[in-house]
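To keep things clear, I will list the structure first and then write my remarks on it.
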Amino acid sequence: MLKKTKKTALLLKLVSMALLIVMIQSLLTLPAMAAATTLGAAAAQSGRYFGTAISNGKLGDSAYTTIAAREFNMVTPENELKIDATEPQQNVFSFTAGDSILNWATSHGLKMRGHTLAWHSQQPGWMQSLTGTALRNAMINHIQKVMAHYVGKLAAWDVVNEAYADDGTQNRRQSNLQATGNDWIEVAFRTADAVEPGVRLCYNDYNIENWSAAKTQGVYNMVKDFKARGVPIDCVGFQTHFTGGSSLPSNFQTTLSSFAALGVDVALTEVDVTQANTTQYAGLTQACMNVARCIGITVWGVRDSDSWRASEAPLLFDGSGNKKAAYTSVLNVLNSVGGTPQPTNTLQPTNTSTQPVGPTLTRTPTQVVTTGPTATRTSTPTTGPSATPVPTTVGGGGCSPVTATITAPFTKDGAGTFCWQIATIPSYVNNWNNNSVTINGTNYTNIYVGSASLPAKINGFYYISYNGSFAWSHLEVR
Ligand code: G3I
């Protein structure tokens with residue numbers, strides 16, 4: 001009997017060992033994780049996107065749309081959201097072409113970046129002829145109206161485009177916008193943030209890929225200053241046009257990581273490379289993959305024939321839609337990164353179903369205006385993030401034409417009249433009854449436009465709170 005039990009135990013041992021060997025063998029012979037076969041899918045493995053510029057006029061070309069829908073998961077309208085396209089006459093807006101691209105993208109599961117709200121180029125004639133306050137106000141109005149149309153629908157906005165000079169200095173570019181005052185860029189960002197705090201707000205430029213370039217340092221210092229002062233900026237777009245002597249700098253990754261260290265996302269927004277050099281394409285892709293806050297790459301067109309510099313054949317598909325060697329070099333880099341977790345790249349929608357692929361936007365909106373009557377401070381607070389009032393001087397007395405977006409407790413030079421305007425009325429706002437602005441305890445209700453004498457300052461400041469049924473756009477102080 002004992003002998004029989006021993007035999008059975010031995011047999012069981014042998015069987016379980018054999019089973020273990022089979023299991024180990026089958027584990028060892030499991031097929032490797034299949035590499036992704038499209039750019040979008042390959043980038044998505046690390047929580048990033050891979051996008052392309054799209055031209056509305058080409059959406060009827062099935063060869064074009066087949067590649068675009070298959071390969072990419074982000075689009076940027078190439079020209080359709082520029083100022084001349086969206087506001088051809090002052091205060092007359094046209095969204096037909098932009099909407100068409102958005103509809104195409106959405107119906108094919110692609111997200112969209114908006115390009116661009118404030119730019120010295122591609123301004124309509126009426127804007128080119130404006131100067132000073134009139135131009136500043138037109139810029140603000142443009143940002144508000146265009147963004148209001150796309151609220152909740154876009155992944156990002158290039159709020160300001162190409163504002164720095166190409167003269168080997170860190171200076172701003174001379175332009176009619178720059179002539180309205182050096183604060184035009186931050187006013188643009190504050191305006192954009194007031195319309196849609198949840199969308200990624202980007203500064204976008206070219207020839208800022210080389211860390212040693214003065215232009216790069218100029219933009220870097222601006223972003224550093226913005227972050228230090230709470231100007232709402234979420235990302236920097238590196239256009240990455242490698243052409244005309246400009247090619248992949250060996251320090252591109254340093255540039256990306258240095259900007260990222262300031263607390264902004266970075267993205268490659270308009271990539272094209274002379275003759276689609278494979279080494280450069282692989283290198284720029286790798287630079288992005290090596291930086292956790294590099295959220296995605298966009299090439300500036302689908303096929304070479306679609307490019308703004310078609311004669312240089314700078315894209316990933318040839319004119320017949322064939323994948324070029326550069327395509328493979330990019331895909332291989334994306335696949336080599338594969339599912340390597342990117343710390344900040346989890347897809348966490350913060351805004352129902354409309355959030356893009358890419359990392360969560362973590363910026364806390366800087367507007368101090370909060371809801372509810374308790375938002376008004378009646379004494380100097382001693383604790384909390386808003387303990388120290390940040391004065392923003394907004395201009396002279398009277399209703400002189402000074403415009404400011406209120407994002408913090410502010411001081412106003414001299415006595416005078418306080419004028420306000422809730423500038424954007426989104427279509428979804430239909431009830432104004434509960435809207436009110438409180439300035440140092442004085443309540444002003446049912447506002448759209450109006451004016452009043454300023455109440456007394458408290459500790460030298462005006463404290464403003466807003467109680468309403470929608471996120472306000474801006475308060476205009478004159
Ligand atoms: O649509 C008209 C067409 O009706 C007309 O017959 C033709 C005649 O020239 O012009 C067409 O418009 C052109 C438009 O592209 C569409 O093809 C404009 O003249 C031309 O100026 C415009 O060029 C665009 C350029 O921005 C304008 O600045 C390019 O397509 C576009 O790729 C390029 O994109 C810029 C980014 O926005 C910012 N970074 C640099 C990048 C490359 O320049």
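Every number for a ligand or one of its atoms is a count from 1 in the order of the listing. None of these values were measured; they are calculated from a predicted model.
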Nearest protein heavy atom with distance in Å, relative to atom 31 (C) of ligand 1: Glu78 OE2, 3.4 Å

Checking heavy-atom distances from atom 28 (O) of ligand 1 to each of Glu270, Gln122, His115, the winner is Gln122

Does the Thr38 side chain pair with the main chain of Glu71, one donor and one acceptor, at a distance under 3.5 Å? no

Just go through Asn79, Asp272, Asp306 and tell me whose heavy atom is the nearest to atom 30 (O) of ligand 1. Asn79

Heavy atoms of the protein only: does one fall short of 4.0 Å from atom 16 (C) of ligand 1? yes

Output yes when a protein non-hydrogen atom is found under 4.0 Å of atom 12 (O) of ligand 1, and no otherwise. no

Parallel, tilted or perpendicular: which fits the ring planes of Phe95 and His149, with parallel below 30° and perpendicular above 60°? parallel

Checking heavy atoms under 4.0 Å, the part of Trp300 that sits near ligand 1 is side chain

Within a 6.0 Å radius of atom CD on Gln174, are there more than 12 heavy atoms belonging to other residues, nucleotides or ligands? no

Using 4.0 Å as the upper bound for N to carboxylate O, is an ion pair formed by Asp205 and Arg173? no

Under-4.0 Å heavy-atom contact between protein and atom 4 (O) of ligand 1: no

Sorted by first residue and then second, give each salt bridge (charged side-chain N to carboxylate O under 4.0 Å, His left out) pair with at least one member in residues 242-254; sequence neighbours left out. none

